[in-house]
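Below: the structure, in C-alpha cells.
Reckoned from all heavy atoms, side chains included, excluding hydrogens, waters and symmetry mates. Both ligands and their constituent atoms are indexed starting at 1 by order of listing. All residue numbers in this chain count up from 1 along the given sequence.
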Amino acid sequence: MPKKIVTRFSPSPTGFLHVGGLRTALYNYLFAQRNKGQFLLRIEDTDQSRRVEGAVENIIETLEAFGLKPDNKKPVVQSERLKTYRQYAEQLIKDGQAYYCFCTPQRLEQLRQGQQTKKLPPRYDGRCRDYSSDEVEKNLATNQPRVIRFKTPKTGQTTFADAVRGAVSFDHQTLDDQIILKSDGYPTYHLASVIDDHEMDISHVIRGEEWLPSTPKHLLLYAAFGWPPPQYAHLPLLLNPDRSKLSKRQGDVAVEDYLKKGYLPEALLNFILLLGWNPGTEQEIFSLKEMVQVFKLEQVNKAGAVFDTKKLDWLNGHYIRQKSPAELTSLCQPYFTAAGITADKKFLEKVVATEQQRIRTLAEIVEATRFFFEQPKYEAELLIWKRMTGREAMANLKRLADELQTIEEKKWTADYLEQHIQAFIQASGARVGEMLWPMRAALSGRPASPGPFEIAGVLGKKETLKRIEHAMQLLDGHN
Ligand code: GLU
C-alpha cells in the first residue's frame, strides 16, 4: 500500500506570519488535501530567546482566517518534547554516531577567529570527536558544560531527489559536526525537526529554499537513526521586483499587514498560490476549493517568484467586486469606524456601492468616499469646466438647482435624475460638460469621482441642493 500523504507546517513563533510562511502552509495544505492526506501543524520553539509572546495564537488564527485548518487539533509543540530529543541524542552517542563536546565558548571563538584570518570557512575542528571514554566520563562526572555534536562523515556526498529541484548533492566535507543538543538541554532545529518528522509520519517536507542546505544534515540524521527519509520539496525564493530577496525594507512581509490594509484573505491566498506555482493554463482566479483540485507539486517552479503587488491589487479588486454590497459594507465598516466616520447602515451601503468597481483595497474606501459624509472643501476653480467662465458655471448651477428643486423626493434616484436632467440639458441647448462638470464638482469637491447622478442619488435631494448652493456661494466670492 502506498504511504499515506502527511505534510506539516512548522513555523517558529518568532513574530507574525511571513507571506513566505503562508505560501509554505498553503502548498502543504493543498498537497495533503489533494492526496486525501493530512496537514499537521508543529510549533518549532526550541530557540526560546527568539520566542515572541502571542505568536503561536497569531499563527493559528491567521491560518484559520485563510481556511487552512490543520488536521491536528492541538499542534505538536517542540518545547514540550525536550525529553524525547535528549533520549534520541543520547541514543546516537551510544551508537557512536554523535559525541559530547566540552569545548568552551572562548575556545570556539578563538577557533573561529583563526579560521577567519586564514579565510577558511568557520568549522568545528573535531577536537572532542575522538576523546576516549575515560576522558568523557571524567568530564561528565565533574558536570562540565557540554553539547552533543553529530559525527558528520568526513568524506563522500549526500544526494537526494528534490521534488522541485531534481537531484541535489552536497559534499560532506562542506558540512560541520553540527550541534544537535545545546548546552541548555534544548535540541537544535536539525535534530528536533528530523525526530518530529519521523514520529509524525511526515511523508513530504515542503518548505522554503532557504532550508535546502539543511537537508543533507537531516538526511545524515535519518541514516544514523536508520529511518526512511521523507520526500523533500524546496519552494523557490520570494523576490522583490528588483529580484533581490523579499525583504521588509521594500514593503510589507507580514501577512497581518496585508490584511490590515484591506486585502481580502481569498485574494491574498490566490496571489500567494501563483508565487512559484502555475497551472499551465491561462486561469488566474482560484478559490481554495479549486486550488485543491488542481495543485500539483510537479508544477512548482524552480525560479524565484517576484512579489508583484500590482497583481495583488488586481486580484483584490476582482474579489472586492464579487461581494454583495451588504458584505462589502460590513468588510469596510472597521475602516470607517477607525476614520471616525459613523453613518446609518443603509446610507453606508449606498456609499460603498459607488466605489465597488474602483477600490483595490478595503482601506481605500475611506478616502474614496469621505466627501459623502461631510461638505468637501475645495477651490472655486474646480467648478469651472475647461474654457467656461466662473459666471457661466454659476449660471449653470443655478439652472440645475432650479430644475432639481422640481423633482419629488420619492423619485430621487440616480437613474431618474440621469434621465430627467439629461433631457433637461438637451432641451436647454447647453453643453453637457458645462452643466455636469460643475454639478459633479459641487457634489464631490474632487477632480475625479463617480458621476453626478450617482452621487446625488446617494446624497438625497436636500444635501444635493445644499452643496450646489455652497458652490454658488464660492463662485460668487470668486467672480
Ligand atoms: N521552523 C522552520 C521555519 O521557521 C521550519 C523549517 C522546516 O520546514 O523544516 O521555517
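For the pair Lys261 and Tyr263, the NZ or CZ position fails the cation-pi test of under 6.0 Å to the six-membered ring centre and within 45 degrees of the ring normal. Cation-pi geometry between Arg146 and Tyr100 is satisfied (NZ or CZ under 6.0 Å from the ring centre, within 45° of the ring normal).
Salt bridge annotation for Arg112-Glu109: present, with a cationic side-chain nitrogen under 4.0 angstrom from a carboxylate oxygen. Using a 4.0 Å cut-off between charged nitrogen and carboxylate oxygen, Lys260 and Glu256 count as a salt-bridge pair.
Between the side chains of Tyr131 and Glu137, no donor N or O sits under 3.5 Å from an acceptor N or O.
Protein residues having a heavy atom under 4.0 Å from any atom of ligand 1 are Arg8, Ser10, Ser12, Glu44, Tyr189, Arg207, Trp211, listed by chain and number.
Considering only residues two or more places apart in sequence or on other chains, Lys311 meets the salt bridge (Lys or Arg N to Asp or Glu O under 4.0 Å) condition with Glu284.
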